[in-house]
Amino acid sequence: MKFLVNLILISSYISQQCDSANIPCDLQQTKFGFVCKCSADYCDYLEEPKLKADNSWFAVSTSKDGLRFSVTKGEFGSLESIKIKDYHESQKGREDDDPFNVDALLLDNARSLFQLYGGNNSYFNLPQRMSKSSLTIDRSKTYQYIVGFGGALTGTVAYLLQNLKPSLQDHLYKSYFHKDGIAYNILRTSIGGCDFDLEPWAYNELPQNDKHLTNFTKLDQRDLLKIQQIKRIKSVAGSDGIKIMAAAWSPPPWMKSNNNWTGFSSLKPEYYATWAKYHLKFLELMLSKNITIWAISTGNEPLNGVIGWLFIHFMSLGWTPKNQAIYLNDFLGPAVKKSQFKNVLIFGNDDQRYSYPTWFQRMNSTRPTSLNYLDGLAVHWYWDDIFGPELIDATLQLMPNKLLLNTEACVGDKPWQTHGPELGSWERGEQYARSILQDLQHNFNGWIDWNLWLDESGGPNYINNTVDAPIIVNTSNNAEFYKQPIFYAVGHFSKFIIENSKRIEVKLSSTQNSIDAVGFKRPDDKIVLIIFNSAAIPQDINLDDSVRGMFTINVPARSIHTILYM
Ligand SMILES: *[C@@H]1O[C@H](CO)[C@@H](O)[C@H](O)[C@H]1NC(C)=O
Ligand SMILES: *[C@@H]1O[C@H](CO)[C@@H](O)[C@H](O)[C@H]1NC(C)=O
Ligand SMILES: *[C@@H]1O[C@H](CO)[C@@H](O)[C@H](O)[C@H]1NC(C)=O
Ligand SMILES: *[C@@H]1O[C@H](CO)[C@@H](O)[C@H](O)[C@H]1NC(C)=O
Ligand SMILES: *[C@@H]1O[C@H](CO)[C@@H](O)[C@H](O)[C@H]1NC(C)=O
Ligand SMILES: *[C@@H]1O[C@H](CO)[C@@H](O)[C@H](O)[C@H]1NC(C)=O
Ligand SMILES: *[C@@H]1O[C@H](CO)[C@@H](O)[C@H](O)[C@H]1NC(C)=O
């Protein structure tokens, strides 16, 4: 019955809005929360709302309760606080017309119970009043500019995509890369295999000890699949283009001290030049297929083969900062700069925060000119709960002119976390929102997630290392996928903070620390604010813009908002 009602609602919506790109989420309850279901015939999209006048604003909102990119409009200077209704409040009217909606009745009962025990704020120990926060936006004070947002096209991602019906594939491409989706503009991919592949692999595995890489003359079948997919991604994204960042996980075992894909390892000194040539060969072969690589890194997670090898069982290559300085300064750096690929950016480290800034200081003391070859610094988020952003601040102070990107993130990698998806988990979406906010407040130029999508168990890959992803595809019917809260959490940033936006000052004053925010001025001169309420109750937020004036909104419990105005 519910299904039928949904179908009628959806089809009447489509017939009313057939020339509009705005299609609401098909919200489905799951064990851990809510997802938006997409099938070949239906998937949610949002065209960026237009601002009617100079003093108008709009808010796009997502909440634990079930809002997904819902739009509220208002104007500066209105005295009343504008309430952003949460999902179940905004559904009330519809539910009254629909006596069969059992879910809604159950939810209402749960709410009454909540009010019974929590109404006097004794049982749940909630604050008596909602707190009031204010954001003061000063667009004359500017910080870093934004390069973009993206995710990783791993072997697993490419493999899962290929198995879906073409019409469903189109929705995956559009959801991530179209401006009515979440408008990603960066893709990370591996040079050879990575941990999310169906087996470990590299170019020129045979013949062994082949210093001149005589057998690295063409790309692998797996690359050809990715290239075909990248071409579709580019056409979906439109003319602005997609920046591709590539990194190697491991060379063929014969180049390594332990002659193995994984474990404690280093590059054999006699193959430093070969490994640099290997990277250039990859750039050349990709270019021959019309794929321009925007950036490479000095190698994925170099510490996995030095300190991580006891518990990390996937492809890796160990580097100390000393050896990497020699490799970069004497081999990779000069080889790239002397080649036709001199404009390809080189990012350093590509590992966790805890190695900042000592990694670079040690490189510097080994080869003082090595850091000149780096255009950017790449950081992975996995231990950010323990290692604070001060490490990044200190690094940027030493090297203020480098780009700074988060290049990998996912939940479910830790022994104490569910390995694999917690389908619909709001908490995991919040982890992304918190992390992106913090990084942007600490001058990151962009943010790249890990696997774009995974299967129901968070794989597959050759080491059964399962984690979560923003989108989960249904591999038992290959006919549906589910957009998790993580997808919308990233989307609140990626969709609206377009390339070359500049961060502006947003001062926050609050009686509680449940509100966090960051702001940008876009190249089209619009101001975009991302606001996160982590409290379990609604909050009043007063916004005061140095040019435009003030307005107040009331945001629901556990919610994320993007606000846009001129
Ligand atoms: C609510 O709490 C206040 C103080 O904690 C108490 O005085 C009052 O009686 C309570 N009201 C109800 C309806 O329980
Ligand atoms: C070259 O590589 C291919 C696999 O890509 C392998 O089948 C072949 O045996 C290799 N050639 C030599 C001479 O080792
Ligand atoms: C490679 O390393 C793994 C894990 O340490 C080990 O089980 C395997 O035997 C090694 N393979 C070779 C060829 O040494
Ligand atoms: C590469 O792109 C150019 C221009 O966009 C086009 O003319 C050419 O046919 C493409 N080549 C391949 C191999 O796709
Ligand atoms: C590299 O070393 C030089 C000389 O000691 C120093 O001036 C510079 O700040 C160092 N750079 C970094 C990034 O540590
Ligand atoms: C991964 O799981 C499959 C199926 O349960 C099993 O056959 C395989 O041995 C596992 N592989 C590893 C590396 O643990
Ligand atoms: C995937 O599809 C199957 C078959 O249609 C269905 O039984 C299953 O519930 C779906 N999985 C999820 C996570 O919805």
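Computed over heavy atoms, backbone and side chain alike; hydrogens, waters and symmetry mates excluded.
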**Request:** Indicate whether the side chain of Lys483 and that of Ser175 have a donor and an acceptor atom separated by less than 3.5 Å.
**Result:** yes
**Message:** Between Asp385 and Arg353, does any side-chain N to carboxylate O distance fall below 4.0 Å?
**Reply:** no
**Prompt:** Are Thr475 and Glu456 close enough that a side-chain donor and a side-chain acceptor fall under 3.5 Å?
**Reply:** yes
**Asked** With a 3.5 Å cut-off and no angle check, do the side chains of Thr407 and Asp350 form a donor-acceptor pair?
**Response** yes
**Any donor-acceptor N/O pair, Asn329 side chain to Ser370 backbone, under 3.5 Å** = yes
**Prompt:** Distance only, no hydrogens: is a donor on one side chain within 3.5 Å (strictly under) of an acceptor on the other, for Tyr203 and Asp223?
**Reply:** yes
**Asked** Taking the six-membered ring for Trp, is the centroid-to-centroid distance between Tyr462 and Phe314 below 6.0 Å?
**Response** no
**Message:** Assess, by modelled atom type and distance only, whether the side chains of Glu422 and Gln417 contain a donor and an acceptor separated by less than 3.5 Å.
**Reply:** no
**Asked** Is the backbone of His178 close enough, under 3.5 Å, to the side chain of Lys174 for a donor and an acceptor to pair up by distance?
**Response** no
**Message:** Asp516 vs Arg434, test: salt bridge (Lys or Arg N to Asp or Glu O under 4.0 Å). Steps then yes/no.
**Reply:** CA-CA 8 Å; Asp516 201 1; Arg434 264 195 206 98; over 6 Å; no
**Prompt:** Do the side-chain N and O atoms of Arg188 and Asn300 include a donor-acceptor pair separated by under 3.5 angstrom?
**Reply:** yes
**Request:** List the steps and the verdict of side chain to side chain contact (heavy atoms under 4.5 Å, CB included) for Gln229 and Leu153.
**Result:** CA-CA 9 Å; Gln229 295 171 342; Leu153 180 60; 3.7 Å; yes
**Asked** Do NZ/NE/NH1/NH2 and the carboxylate oxygens of Arg367 and Asp330 come within less than 4.0 Å?
**Response** yes
**Prompt:** Within the side chain of Ser257, is there an N or O that forms a donor-acceptor pair under 3.5 Å with the backbone of Ser266?
**Reply:** yes
**Message:** If only side-chain N and O atoms count, and only distance matters, is there a donor-acceptor pair under 3.5 Å linking Thr154 with Asn451?
**Reply:** yes
**Asked** Does any N or O in the side chain of Gln144 come within less than 3.5 Å of the main-chain N or O of Gln441, such that one atom is a donor and the other an acceptor?
**Response** no
**Prompt:** Is the gap between the ring centers of Tyr327 and Trp319 under 6.0 Å?
**Reply:** yes
**Message:** Going by the rule salt bridge (charged side-chain N to carboxylate O under 4.0 Å, His left out), which residues pair with Lys402 if we only count those two or more places apart in sequence or in a different chain?
**Reply:** none
**Request:** Start with the C-alpha distance between Ser559 and Lys64, add both sets of side-chain angles, then the distance that settles side-chain hydrogen bond (donor to acceptor under 3.5 Å, both in side chains), and finish with yes or no.
**Result:** CA-CA 6 Å; Ser559 59; Lys64 179 174 187 182; over 6 Å; no
**Asked** Between atom CD of Glu499 and atom OH of Tyr145, what is the distance when rounded to the nearest 0.5 Å?
**Response** 8.5 Å
**Request:** For the residue pair Lys521 and Thr142, confirm or rule out a side-chain donor-acceptor distance under 3.5 Å.
**Result:** no
**Asked** Within the side chain of Trp381, is there an N or O that forms a donor-acceptor pair under 3.5 Å with the backbone of Cys410?
**Response** yes
**Message:** Does the Lys NZ or Arg CZ of Lys256 fall within the cation-pi geometry relative to Trp275 - under 6.0 Å from the ring centre and within 45° of the axis?
**Reply:** no
**Prompt:** Quick one: are the ring centres of Tyr271 and Trp254 less than 6.0 Å apart?
**Reply:** yes
**Message:** When you measure from the side chain of Thr156 to the backbone of Phe196, do you find a donor-acceptor pair of N or O atoms at a distance under 3.5 Å?
**Reply:** yes
**Prompt:** Are Tyr382 and Glu408 linked by a side-chain donor-acceptor pair shorter than 3.5 Å?
**Reply:** yes
**Request:** Say whether Asn443 and Arg503, considering side chains only, have a donor N or O and an acceptor N or O under 3.5 Å apart.
**Result:** yes
**Request:** Taking Tyr176 for its side chain and Leu452 for its backbone only, find out whether a donor-acceptor pair lies under 3.5 Å.
**Result:** yes
**Short side-chain donor-acceptor distance under 3.5 Å, Asp449 and Tyr432** = yes
**Any side-chain donor near an acceptor of the partner, His380 and Asp351, under 3.5 Å** = no
**Asked** Is Val147 close to Asn445 at the side-chain level, that is, under 4.5 Å between some pair of heavy atoms?
**Response** yes
**Request:** Would you please say whether a donor-acceptor pair under 3.5 Å links the side chains of Lys495 and Thr562?
**Result:** no
**Asked** Under 3.5 Å, is there a donor-acceptor pair between the side chain of Ser435 and the main chain of Gln431?
**Response** no
**Prompt:** How about Thr262 and His313: does a side-chain donor come under 3.5 Å of a side-chain acceptor?
**Reply:** no
**Asked** Does the side chain of Tyr143 come under 3.5 Å of the side chain of Glu505 through a donor N or O and an acceptor N or O?
**Response** yes
**Prompt:** Would you say the side-chain atoms of Trp426 and Glu430 include a donor-acceptor pair closer than 3.5 Å?
**Reply:** yes
**Asked** Is Ser265 reaching over with its side chain to a backbone N or O of Asn258, donor-acceptor style, under 3.5 angstrom?
**Response** no
**Prompt:** Run the side chain to side chain contact (heavy atoms under 4.5 Å, CB included) check on Ile515 and Phe532 step by step: do they pass?
**Reply:** CA-CA 6 Å; Ile515 298 289; Phe532 171 39; over 6 Å; no
**Request:** Tell me whether the centres of the aromatic rings in Phe360 and Tyr356 are closer together than 6.0 Å.
**Result:** yes
**Asked** Just checking, any donor-acceptor pair under 3.5 angstrom between side chains of Asp468 and Gln484?
**Response** yes
**Item:** Donor-acceptor pair between Asp210 and Asn204 side chains, under 3.5 angstrom
**Value:** yes
**Asked** Between Tyr272 and Phe331, does a ring pair (Phe, Tyr, Trp, His ring centres under 6.0 Å) hold up when you go through it step by step?
**Response** CA-CA 7 Å; Tyr272 275 29; Phe331 298 93; 5.6 Å; yes
**Item:** Option among Leu172, Leu160, Ile472, Val35 that satisfies the side chain to side chain contact (heavy atoms under 4.5 Å, CB included) test with Phe481
**Value:** Leu172
**Asked** Would you call Arg222 and Glu199 a salt bridge, taking side-chain N to carboxylate O under 4.0 Å as the test?
**Response** yes
**Request:** Report yes if the side chains of Val157 and Trp453 come closer than 4.5 Å at any heavy-atom pair, otherwise no.
**Result:** yes
**Prompt:** Between the side chain of Thr418 and the main-chain N/O of Gly420, is any donor-acceptor distance below 3.5 Å?
**Reply:** no
